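A quick write-up on the structure given underneath.
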Amino acid sequence: MATPTLRQLEYLTTVVDTGSFTRAAEQLHVTQPALSHQIRALEGALGGPLLERLPRSVRLTPMGRSVLPHARAALAEAERLHAAARRTAGLEEGELEVAVVYSVSLGILPPVLRDWHRHHPGVRIRLREYPHADRLRDAMAAGRADLAIGPEPAGWEGPIRELGVEEFTIVLPAEDPLAGRPGGTVALTELADRDWVHYAPDNGLADLLDQVCARAGFRPRAAVRAEQTSAAPLLAAAGLGPALVPADIVPARFEGALLRPEPPVLRTLTAYTRTRPDPLTVAFADLLARRARVGPDPSPGSAPDASAGRA
């Protein structure tokens, strides 16, 4: 049995509202034979007559009276669907799914979300957080989000926007002997003999710490491993060991000491989408490009640390 179409339901309600096939055809801008054909097709799909032709009007059959409220409801729901799509295209209403690595949700994203909500209060944001850039990329490729924010994904075919260079800092307790040194820097080799606040193996920052320490000639020993990125600076300030953290996640009025590692540890953050992003996604990416503050500017001559980009 064929399924009734919205056009057929529209034809039925128009005939009933105008009381005439002739007037309904004029209002719908179709020929009367075409209108009659579609009504017969609707009656065939539903299994019985819906309208009875009278000399000067039409009347609903018992089946027609039963069907008419549902026809009107289906047409009203279709109009609401189209209206919602129009409002979304106009950035008035909708839902946007944003996927990020943990550090982004702590650092650059909150002020961007505040600005977005101020200008687009009807658009809801659903945030999905991932511990590793590879899992972020896989989730994005599987269609679980509209836009991803993290290190640049290898081999990505959709649009990618560079947001800036994220700088990492070493966190130590305020009373640490290295805390008050002039220049506020520390060579990673000076921390080679210490036990570190490390990250859980599935957190991408665990890979980053191992890589930068390996280039400095040592393997960091873990005093503790943090699942959540936000815990690392707090544990380091409490004296469990140095921690390497994105500078922009350190809270205001932080009680620990912050030192810049030598050589600097940097990574480029990006926003990326699939091949054809919708207007909401494009607008959010535009806001990110304008408003995101990705850490302090790197020193002159510094280049992003390529190996850090996968964490």
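Residue numbers run from 1 in the order of the sequence given. No experiment lies behind these values; they were computed from the predicted model shown. Quick note: numbers below take in every heavy atom, side chains included, and nothing from hydrogens, waters or symmetry partners.
Between the side chain of R181 and the backbone N or O of V186 there is no donor-acceptor pair closer than 3.5 Å. Side-chain atoms of E190 come within 3.5 Å of backbone atoms of A187 as a donor-acceptor pair (strictly under, hydrogens ignored). Remark: side-chain polar atoms of T270 are not paired, donor with acceptor, to backbone N or O of Y272 under 3.5 angstrom. W156 places a side-chain N or O within donor-acceptor distance of the main-chain N or O of T273, the cut-off being under 3.5 Å. A donor-acceptor pair is defined here as one N or O able to donate and one able to accept, closer than 3.5 Å; such a pair exists between the side chain of T13 and the backbone of L9. No donor-acceptor distance shorter than 3.5 angstrom exists from the side chain of T281 to the backbone of P277, with no hydrogens or angles considered. Remark: the backbone N or O of L54 is not paired with any side-chain donor or acceptor of R59 at under 3.5 angstrom.
Side-chain contact between L209 and C213 is present, with heavy atoms from C-beta onward closer than 4.5 Å. Counting heavy atoms from C-beta on, the side chains of W196 and R221 never come closer than 4.5 Å. Using a 4.5 Å heavy-atom threshold, the side chains of H198 and P220 count as touching. Counting only heavy atoms from C-beta outward, the side chains of R114 and P110 never approach each other to under 4.5 Å. Considering only heavy atoms from C-beta on, S66 stays 4.5 Å or farther from M63 through its side chain. With contacts defined as side-chain heavy-atom distances shorter than 4.5 Å, the pair P151/L269 qualifies. Side-chain contact between V98 and D146: absent, with no pair of heavy atoms (C-beta onward) separated by less than 4.5 Å. The shortest distance between side-chain heavy atoms of L35 and L28 falls below 4.5 Å.
The line from OG1 of T229 to CD of E129 is 9.0 Å long, rounded to the nearest 0.5 Å. Interatomic distance, OG of S103 versus CG of D248, reported as 7.0 Å (0.5 Å rounding). Atom CG of L42 is separated from atom OG1 of T3 by 11.5 Å, given to the nearest 0.5 angstrom. Atom CD of Q8 is separated from atom CG of L46 by 8.5 Å, given to the nearest 0.5 angstrom. For the atom pair T22 OG1 and Q27 CD, the distance stands at 13.0 Å (nearest 0.5 Å). Here the OG1 atom belonging to T5 is positioned 9.5 Å from the CD atom belonging to E10, to the nearest 0.5 angstrom.
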Report task. Kindly indicate, with the supporting measurements, whether the criterion salt bridge (Lys or Arg N to Asp or Glu O under 4.0 Å) is fulfilled by R260 and E167. Result -> CA-CA 9 Å; R260 188 174 185 181; E167 185 168 7; 2.3 Å; yes
Requested in this report: Could you please spell out the steps behind the side chain to side chain contact (heavy atoms under 4.5 Å, CB included) verdict for L244 and L205?
Outcome: CA-CA 8 Å; L244 180 71; L205 296 184; over 6 Å; no
Report task. Could you please spell out the steps behind the side chain to side chain contact (heavy atoms under 4.5 Å, CB included) verdict for L50 and L68? Result -> CA-CA 9 Å; L50 302 174; L68 184 63; over 6 Å; no
Report task. Let me see the working for T268 and E162 under side chain to side chain donor-acceptor pair (under 3.5 Å), right down to the final yes or no. Result -> CA-CA 7 Å; T268 299; E162 184 174 317; 4.8 Å; no
Requested in this report: Take L208 and F168, measure what side chain to side chain contact (heavy atoms under 4.5 Å, CB included) needs, and give me the verdict at the end.
Outcome: CA-CA 10 Å; L208 186 151; F168 285 74; 3.8 Å; yes
Report task. Would you sort out whether D17 and R72 count as a salt bridge (Lys or Arg N to Asp or Glu O under 4.0 Å), showing the intermediate values? Result -> CA-CA 11 Å; D17 292 341; R72 294 194 189 280; 2.7 Å; yes
Query raised in the report: Run the side chain to side chain contact (heavy atoms under 4.5 Å, CB included) check on Y199 and V224 step by step: do they pass?
Result: CA-CA 8 Å; Y199 296 94; V224 61; over 6 Å; no
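Both L147 and L113 sit in one connected hydrophobic cluster of ILVMFWY residues. Membership requires side-chain heavy atoms under 4.5 Å apart, directly or through other members. L259 and V197 fall into different hydrophobic clusters, where Ile, Leu, Val, Met, Phe, Trp and Tyr side chains are chained together by heavy-atom contacts under 4.5 Å. Taking hydrophobic clusters as Ile, Leu, Val, Met, Phe, Trp and Tyr residues chained together by side-chain heavy-atom distances below 4.5 Å, I125 shares a cluster with L109. Connection of V265 to Y102 is not established within any shared hydrophobic cluster, with ILVMFWY side chains joined at heavy-atom distances below 4.5 Å, either directly or through further cluster members. Residues W116 and V282 do not share a hydrophobic cluster, clusters being chains of Ile/Leu/Val/Met/Phe/Trp/Tyr side chains in contact below 4.5 Å.
For H132 against N203, the heavy-atom pair with the smallest separation is CD2-C, 4.2 Å. Contact between A237 and V171 at its shortest, heavy atoms only, is N-CG1, 4.1 Å. Scanning both residues, P246 and E166, for their nearest heavy atoms gives CB-OE2, 3.3 Å. Y11 and V30 make their closest contact through OH-CG1, 3.4 Å (heavy atoms, listed as atom of the first residue, atom of the second, distance). Contact detail for L136 and G150: the closest heavy-atom pair is CD2-CA, 4.0 Å. Here the closest heavy-atom approach between residue D115 and residue R118 is recorded as OD1-NH1, 2.9 Å.
Counting heavy atoms of neighbouring residues, nucleotides and ligands inside a 6.0 Å radius, atom CZ of R128 exceeds 12 of them. The number of heavy atoms from other shown groups lying within 6.0 Å of CD (E52) is above 12.
Between D134 and R137 no salt bridge is recorded (no basic side-chain N to carboxylate O distance below 4.0 Å). Electrostatic pairing of E152 and R161 does not count as a salt bridge here, judged by no charged N lying under 4.0 Å from a carboxylate O. Salt bridge annotation for D176-R194: present, with a cationic side-chain nitrogen under 4.0 angstrom from a carboxylate oxygen. Ionic pairing of E26 and R23 is not present here: no N-O contact between side-chain nitrogen and carboxylate oxygen is shorter than 4.0 angstrom. Salt bridge absent: D202 and R225 never bring a charged side-chain N and a carboxylate O closer than 4.0 Å. In this structure, R144 does not pair ionically with E97, as no charged nitrogen and carboxylate oxygen lie closer than 4.0 Å.
For the pair R53 and F21, the cation sits on the ring face: its NZ or CZ lies under 6.0 Å from the ring centre, inside 45° of the axis.
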